[in-house]
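Residue numbers begin at 1 in each chain, while the letters A, B, ... track the order of the sequences.
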Amino acid sequence: DDKGGDAGNKETDKVAYITAFGAVGRDAFAWVAKEKGFFAEVGIEVDIKEGAGNQPNLTALKAGQVQFAALDFTGAVIQAGKGEFTDWRAIAAVHQQTLISVMTTKDTNITTPKDLAGKTMATGAGSVTELLFPAYAQLAGLDPKSVKIQGVQTTALNGLMASRQVDALGTFLLSRGALATASRKEVVILPYSDYLRDLFGNAIITTPKLIADDPDLVQRFTSAALKGLQYSIDNPEEAATILNKVKPTYTVAAGKGEIDAMAPYVKPAGGAPVGVMDEQRVARTIAVLQGSGLIPSGLTPANVVDFNFVKKP
Amino acid sequence: MISLWWAATWVFDADPFFVPAPPDVVEAFTRLPTYLLEQAQVTLLETLVGYGLATVSAILLAILLAASRTIERMTFPTIAGINAIPKVALAPLFLVWVGFGPETKVLMALLLCFFPILVSTMAGLSSTPSDLGEMSRSLSASWWQTFVKVRLPWALPQLFVGLKVATALAIIGAIIGEVINPDKGLGSVIVSSVQTADTPMAFAALTLLAIMGAALFYAVAALERVLVPWARAISS
Amino acid sequence: MISLWWAATWVFDADPFFVPAPPDVVEAFTRLPTYLLEQAQVTLLETLVGYGLATVSAILLAILLAASRTIERMTFPTIAGINAIPKVALAPLFLVWVGFGPETKVLMALLLCFFPILVSTMAGLSSTPSDLGEMSRSLSASWWQTFVKVRLPWALPQLFVGLKVATALAIIGAIIGEVINPDKGLGSVIVSSVQTADTPMAFAALTLLAIMGAALFYAVAALERVLVPWARAISS
Amino acid sequence: MIKIAGLSRTFKGKSGPVEALQNLNLEIGNGEFLAVIGRSGCGKSTLLRLIAGLIPPSQGEVLVAGERVTRPRRDVAMVFQRPALLPWRTVLDNVLLPVEIFGMKRAQHRDHAMRLLEMTGLEGFAKRLPHELSGGMQQRVSLCRALIQRPKVMLMDEPFSALDALTREELAVELQRIHIELGTTVVFVTHSIQEAVLLADRVAVLSARPGRLNKLVEVEIPRPRSFGHNAHMEQVAATSAELHQLLLGNEYLPKPAAE
Amino acid sequence: MIKIAGLSRTFKGKSGPVEALQNLNLEIGNGEFLAVIGRSGCGKSTLLRLIAGLIPPSQGEVLVAGERVTRPRRDVAMVFQRPALLPWRTVLDNVLLPVEIFGMKRAQHRDHAMRLLEMTGLEGFAKRLPHELSGGMQQRVSLCRALIQRPKVMLMDEPFSALDALTREELAVELQRIHIELGTTVVFVTHSIQEAVLLADRVAVLSARPGRLNKLVEVEIPRPRSFGHNAHMEQVAATSAELHQLLLGNEYLPKPAAE
Ligand SMILES: Nc1ncnc2c1ncn2[C@@H]1O[C@H](COP(=O)(O)OP(=O)(O)OP(=O)(O)O)[C@@H](O)[C@H]1O
Ligand SMILES: Nc1ncnc2c1ncn2[C@@H]1O[C@H](COP(=O)(O)OP(=O)(O)OP(=O)(O)O)[C@@H](O)[C@H]1O
Ligand SMILES: [Mg+2]
Ligand SMILES: [Mg+2]
């Protein structure tokens, strides 16, 4: 039926994609790819939905409401490792390093992980930040038990720090700007990636079924999305402006700040292309999680990542 | 009220991150007035649809339960139990069932305000004075006739109590839906401003919600005045 | 009801990840029965304290508003507006104000169930039949005497409507509090089981909440039967 | 038309049962006008509610037109002791309620309703709500509501109690006319012996609690009768005296406190 | 005791105002027993509510014991046309309500309350709730509630309307006794001319809507009076006839009657 049309005018594929969490800087690339026509170039029409964290995103993927999703890779691996939900594969990394960090303000005089001993730290209850803290602390030479962890809803974190109800937060380092605004103090960041170097941050995932049925679509989507990601870190101001159009309450400055902050974590070491995932690192990630007792043994990198879509040079 | 708020922020020298003073909030509002009003409209629409559906379905269910004490006895404990389940906890499930977009929000609004309407309608329906009930029976009125001509009109003042309580719950329901899937509406404004610690903007959204809540409440109260003028007349 | 749920999971061949079948839930419960019951107790206590405080304060406020139409006119729009503000959005603030531990949960429970009690009490208080009101005035009863001996007893059936609606809201409030600061209680069970995708466990907690909700509702209904037996007698 | 056989009714209260009626036997002919008198609380209203099928008997039965009464019948209308008007309906709409419930056209009965309101002196109040009326006016509305049904049997519980002497007389005359014209069977509870004598073919005198049939008195004054001056003064006086005596006679109530 | 000067009262309804009372002037002496008669809806209840201070006059004023009435007074008790009992209180507790409200000791008035209940034939019903009583029994409870106040002025709105002839007579005798013993000023609305003649020192005849004072009739029969056979048969008959005529009269002569 498309004989009459010209050869390049293949029918567009309609897919739905869900962002990791809402519409903030770290997720701007999806809108950038759409706005700049990267998806259209490869014949894909994307419906971007705003995510609400790992669990809802995995649920949405499983229920077939979206075909692609961004989420925190480490958290998803923990779920897969527990055998709770394995029906997904990562196809590209958004952040090469985890963005999880300990964050505090300068007046606490906490400058190294060891300073946390005897202090209270708030984290998202049950979040990856909380789960990985013991592993992080041990590597940093701190007794994890010496820190009092207070689990709360993530929206409450900045307030608790600003009012000094706690001495530190376990949170994504991208919320640095928000904490600075909230506390009006200088923010100190101790990234987990200083010690846990192999953990990825957000990743783009899809279902094994789609990979099997239409690898070409997955490939095209991955390429276009990563092109958007590259473009975003190259042109943070423009990316933030595009995002601001979607969500006017999210200021350009905030968006640019976040994109700038995450840029170092997006670029792979050694000039590898954006989005690449290294099998060795994934294996070490799994090992770290197993080592800290978060998941049983048995999970292999191939269970969670399909390495075919971002080619190493 | 606003002056009280202002005074409080001034007296306690409140940190604008926690409680911004009114001028900050006004400033936040003037930053994006049309956008905020558009989002308010989105939330309002979800609220109204959810509220409307809840009203209709709660009244229908109340009729069913009023029709048969057996059905009521059998099902009401379940309804009361289901109602105590925090919808917030189920929200991700709803997202899967009814999908992203306005449906989830409407569903949340509906679920949150359903029960008060149901309970107050049931209470109203079972409070028919015995002399009116007897009068209706003496005319051999059918169940339905008694219902429409005697029990329901008599229940209206109490039904409106439920409807008034439900306005706020419908708004809250829509917002919970929007927080879970923050694509549009004032709920998404709150989510994104909390993320950037833009408290004045969050308060601007909350203020709009408060205005919306008061407006809806008084709209229903005005409707009550029009529909049940007699209720005031026979009470002191 | 349970059989319906079971049938539904079976007919639709539901994925236990979304909706677990009853046996899975029972299994999840038997995994940690004492722990779950302990957590249920924590939630119940928070709920009851919040509910009790809400009842007392809402009735006191209703008395104040009933005492003066001027005060009512001036403050009620504000109250209705504040009530429409989603407490969920303010929850982080509460955490900062009242701190960790049970206080936040009790406060959320209180805030969620306050308004229905207030509105229904106010409605009840303003529905005194005019002949009883006149009788009381003819005795030169003071405002307070009329209130205690005529208006409040007459308002009880309607007050109980609010109290019944409030039971579920108090539970939901406590759970919202526990989700924000999930240290203890069934809310924290739900948070942690959702994070580990242990849906049967989450459903076990939800089921306990449903049972708790139905039990509270019927406890209040039983209290109503004891305190207002005459209300049934004069209605048909 | 109405047959009452071994009728008893007991109410169960928290502080013990109350025997309201005990073993009542009575037959009321087609088109008969029966007045019921008896002391306050002796079970007159209870009797009417039993005949109307509003409450079930504890023992015995009531037959209306040969059928056992188990629930209200459309050919039996009742005027309650309290007006029982719907507060949200205007006077006219209250009167038209039976018409609506019987599934008839309002428009066709509007004139009839207006005539009844006029007859009861309420023509200016058709559009008012019940709470704007005086007690006697409400009672008249409830009377109109029963009359519009043109029932075969009319049960009337002190329908004139809140009316002044004149209105009472006028309406008694009207009621008599309707009774004769339509051949309605009427059971009429009243506290006025004079009214009973004026209106009734027979007067049932109930004894005080528990209500039993003390005596059935025939009133043999030719119709139409009227209050005040009539040709049968003596008969009226004699019957009235007899009824008065009967009420006094069954004085089981404690004597009024010593004077 | 009571002075009514230029008293008018208009009710505003949605479908236009209703003039209930128009320019009423009347003085009621200390310890006087005034009966008020008039057609249904002529403003009798409105008059009592104005004297009781329950509603404000549209024009004119009411003085009780020389003071202008602006709100209810404790020395004025009212028996309402409808019983207005609290449904959650037992009969005894309903009767004791004024005692509680006046801040007196319940225990001290319990016996009095029981005596009043006995006098009205309700001794067996002290512990029952109002809905378990017949209409006439409820009315008697409300009468007891007024009598327990031993007020200086008693306003009674058709207090005997739901009672049978005998109970009515008994209570009328009791009321007369109380009136004489305590010197209570009584304003007594009734539909029974006979009752008015038996009880009243003077009878105020109101004209039909709007209510105006048609005539004040003195009843010059010596007390104590009783129903039935008495030495003043002729006087009773004459006064009754006059009252009857007055009621009738202003039906056809709607002119305001000058005092
Ligand atoms: N619902 C009820 N529950 C308990 N007792 C009742 C009930 N209804 C009536 N009774 C009792 O039954 C008896 C008869 O009541 P009923 O109303 O038939 O009297 P009545 O003859 O109509 O009196 P009245 O002339 O005062 O209207 C009374 O003693 C009353 O207390
Ligand atoms: N609340 C009200 N609103 C409007 N009109 C009223 C109100 N109360 C009384 N009226 C009117 O005032 C007039 C007098 O009423 P009132 O109750 O005083 O009469 P009444 O003489 O006591 O009659 P009845 O003998 O029937 O009790 C009536 O026409 C009535 O319609
Ligand atoms: Mg009766
Ligand atoms: Mg009156």
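- Along residues 123-139 of chain D, the residues that come nearer than 4.5 angstrom to chain E, judged on non-hydrogen atoms, are D/Phe125, D/Lys127, D/Arg128, D/Glu132, D/Ser134, D/Gly135, D/Gly136, D/Met137 in order of number.
- Between chain D and the options E/Gly43, E/Ala162, E/Ala20, E/Ala165, heavy-atom pairs under 4.5 Å are most frequent for E/Ala162.
- Side-chain contact between E/Leu216 and E/Leu34 is present, with at least one heavy-atom pair separated by less than 4.5 Å.
- Side-chain atoms of D/Arg9 never come within 3.5 Å of backbone atoms of D/Leu50 as a donor-acceptor pair (strictly under, hydrogens ignored).
- Residues forming a ring pair (Phe, Tyr, Trp, His ring centres under 6.0 Å) with E/Phe160 (at least two apart in sequence, or on another chain): E/Phe188.
- Options D/Lys44, D/Gln81, D/Lys14 differ in how many heavy-atom pairs under 4.5 Å they form with chain E, and the most are formed by D/Gln81.
- In this structure, the portions of D/Ser15 lying under 4.5 Å from any heavy atom of chain E include both its backbone and its side chain.
- If you check the side chains of E/His109 and E/Gln149, you find no donor sitting under 3.5 Å from an acceptor.
- The closest side-chain donor-acceptor pair between E/Asp164 and D/Ser40, if any, does not fall under 3.5 angstrom.
- Using a 4.5 Å cut-off between heavy atoms, E/Ser45 makes no contact with chain D at all.
- The shortest distance between side-chain heavy atoms of D/Thr167 and E/His191 does not fall below 4.5 Å.
- D/Arg140 places a side-chain N or O within 3.5 Å of a backbone atom of D/Thr120 that can act as its donor or acceptor partner.
- Side-chain contact, E/Gln22 with E/Ser8: no donor N or O sits under 3.5 Å from an acceptor N or O.
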